[in-house]
Number of protein chains: 2
Amino acid sequence: MPKVGMEPVRRQQLIDATIASVGELGLQGTTINSISKKAGLSSGIISHYFGGKQGLIEATVRHLLSSLKQSLLAQVDESTLPEQRLMYIIEANFALVQQRADTTRTWLSFWAQSMHDAELHRLQNVNSKRLTSNLAFSFKQLLPKEHATQAAQLSAAMIDGLWLRAVLSQSNKDQFNHSEQLAKQYVKSLIQQYGA
Amino acid sequence: MPKVGMEPVRRQQLIDATIASVGELGLQGTTINSISKKAGLSSGIISHYFGGKQGLIEATVRHLLSSLKQSLLAQVDESTLPEQRLMYIIEANFALVQQRADTTRTWLSFWAQSMHDAELHRLQNVNSKRLTSNLAFSFKQLLPKEHATQAAQLSAAMIDGLWLRAVLSQSNKDQFNHSEQLAKQYVKSLIQQYGA
DNA sequence: TTTTATTAATTGAACGTTCAATATAAAATA
DNA sequence: TATTTTATATTGAACGTTCAATTAATAAAA
């Protein structure tokens, strides 16, 4: 038989190829062929490992969400100070971009599609609420409780808004870093303004 | 069947049907059939008036951008005070939503697609920069110049971020109004903080 | 009658899925 | 060790569907 234990390798290859294809061609322009060609594999393999195109799309979103979660967990532990933890949260949300240029476009495509796909919408909600609650957890250690929740909401919106504008204007790495700095400044100003 | 002078009527019918279809089915799920069916017309009429599907898509985006522009111009004149003008800008950006529920989803679909379509990207950039410069114009009358530009950038991001989060979480009208209030509060707090 | 508006039928390309055939590493055998 | 068998990873052509675009036909207005 062929080399055994290829499944995890192929799955990762196909997920990477999906990110690349959606980043380059959009979700509209991404086909079974565009993905399998980028992966250097045949088109049939997608149905074999993911049941079909839709299964691969969803697996790719889960992979991106998991990457985002891990990149925060890698930086933070129980001893991390609240303000430092807030900075790490912002860094994690801008980090995926710096690693790969096509990831941001892919992310945005999935967001838009989540309006018309129940499973994608579910995954998007998990991610959105995780950002807010991660922020709220640290703000509560710095601000009076009545301000902490709203600070988390506003910070989440500011992060998403800065991120979105950077993606849409097809910013380079420097402009992305600038947006990251603005987000950090904003969180610091909230702490100064309402800090206990 | 034909009556004379139908062109403007048909164009508007088809643009409305496009907003409805993209709002309901997404850009992926929208076909010339889904549009023409909603409009109660045949599919061939799309090529007749817009050259093809892509032409209709672009005309629809232009119509949305023009609506946004007009809804601000309708409220503002030279005598409008700077702070009041800032509030009107925010209201205009949230207003399209309140008129029609499907408009917001449609807008988001077009944003995502603009990453992979040159003309859509150009239109998106026009809109994005108009928001920033509209905000900057009023901030410059209220804040020292060095703070005004940054306040405009931050406010634009906050508006887009709050708007995006409201759309993605499939918020109702009340939640949208709440986001609008948060955006207004934020702009007011910028004025208090850096105001001359 | 000529022109304009519209439709309905048709076309060919592109799509996702399926599946019989193939290739090949591992296991069994001798 | 060399050979055969077995099991599974992978392919890619074929299929049915769906799409955007085109076409020819039709009906009303001028």
Side-chain angles (χ1 to χ4, degrees), chain A residues 1-61 106 109-110 113 116-120, chain B residues 1-61 106 109-110 113 116-120:
Chain A
M1 42 186 174
K3 202 182 276 189
V4 82
M6 291 309 288
E7 180 163 339
V9 177
R10 296 290 178 239
R11 289 182 79 95
Q12 192 58 52
Q13 270 185 295
L14 289 168
I15 286 173
D16 287 344
T18 304
I19 295 172
S21 175
V22 176
E24 182 183 332
L25 309 167
L27 211 46
Q28 286 235 64
T30 291
T31 67
I32 289 252
N33 270 316
S34 75
I35 296 170
S36 56
K37 198 172 175 181
K38 268 185 199 295
L41 297 166
S42 82
S43 63
I45 205 83
I46 289 173
S47 294
H48 183 250
Y49 282 122
F50 293 97
K53 187 190 178 186
Q54 184 65 13
L56 174 53
I57 296 289
E58 286 170 10
T60 303
V61 174
T106 305
S109 290
F110 289 145
Q113 188 57 22
H116 314 283
D117 181 315
E119 176 63 6
L120 253 45
Chain B
M1 303 182 185
K3 269 186 248 180
V4 84
M6 292 308 287
E7 180 162 340
V9 177
R10 295 290 179 241
R11 290 181 79 95
Q12 192 57 52
Q13 270 185 295
L14 289 167
I15 286 172
D16 287 343
T18 303
I19 294 171
S21 175
V22 176
E24 182 183 333
L25 308 167
L27 211 46
Q28 285 238 64
T30 291
T31 68
I32 57 169
N33 268 316
S34 75
I35 296 170
S36 57
K37 197 172 175 182
K38 269 185 199 295
L41 298 166
S42 82
S43 65
I45 206 82
I46 289 172
S47 293
H48 183 249
Y49 283 122
F50 294 97
K53 187 192 178 188
Q54 184 64 13
L56 175 52
I57 296 288
E58 286 169 10
T60 304
V61 174
T106 306
S109 291
F110 289 145
Q113 187 58 20
H116 313 282
D117 181 314
E119 176 64 5
L120 253 46

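Within every chain, numbering begins at 1; the chains are lettered A, B, ... in the order of the sequence lines, protein sequences first and strands thereafter.
Going from atom CZ of R11(A) over to atom P of dT10(D) covers 13 Å, rounded to whole Å. Between the CD1 atom of I45(A) and the P atom of dG16(C) there is a distance of 17 Å, given to the nearest Å. Taking atom NZ of residue K37(A) and atom P of nucleotide dT11(D), one finds them 15 Å apart after rounding to whole Å. Taking atom CD of residue Q28(A) and atom P of nucleotide dT18(D), one finds them 17 Å apart after rounding to whole Å. Between the NE2 atom of H48(A) and the P atom of dT8(D) there is a distance of 10 Å, rounded to whole Å. Between I35(B) atom CD1 and dC19(D) atom P the separation is 11 Å, expressed in whole Å. Atom CE of M6(B) is separated from atom C1' of dT7(C) by 14 Å (rounded to the nearest Å). In this structure, CG of L14(A) is placed 14 Å from P of dG16(C), rounded to the nearest angstrom.
Within the 4.0 Å cut-off from OP1 or OP2 of dT6(C), at least one side-chain nitrogen or oxygen of R10(B) is found. Proximity of Y49(B) to the phosphate of dA5(C): no side-chain N or O atom is located under 4.0 Å from OP1 or OP2.
Distance alone, capped at 3.5 Å, places no donor-acceptor pair between the T106(A) side chain and the V22(A) backbone. Side-chain N or O atoms of S36(A) include one that pairs as donor or acceptor with a backbone N or O of I32(A) at under 3.5 Å. Side-chain atoms of S21(A) do not come within 3.5 Å of backbone N or O of T18(A) as any donor-acceptor pair.
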Worked check of side chain to side chain contact (heavy atoms under 4.5 Å, CB included) between Q54(A) and D117(A): CA-CA 10 Å; Q54(A) 184 65 13; D117(A) 181 315; 2.6 Å; yes
Ignoring hydrogens and angles, write down the donor-acceptor pairs under 3.5 Å from the side chains of residues 37-47 of chain A, residues two or more places apart or on other chains.
| residue | atom | partner | partner atom | Å |
| --- | --- | --- | --- | --- |
| K38(A) | NZ | E24(A) | OE1 | 2.6 |

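Looking at I57(B) and F50(B), their side chains never come closer than 4.5 Å, going by heavy atoms from C-beta outward.
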Atom pairs under 3.5 Å, N or O on each side, protein against nucleotides 20-22 of chain D: can you list them with distances?
| residue | atom | partner | partner atom | Å |
| --- | --- | --- | --- | --- |
| dA20(D) | OP1 | K53(B) | NZ | 2.8 |
| dA20(D) | OP2 | I32(B) | N | 2.7 |
| dA21(D) | OP2 | K53(B) | N | 2.9 |

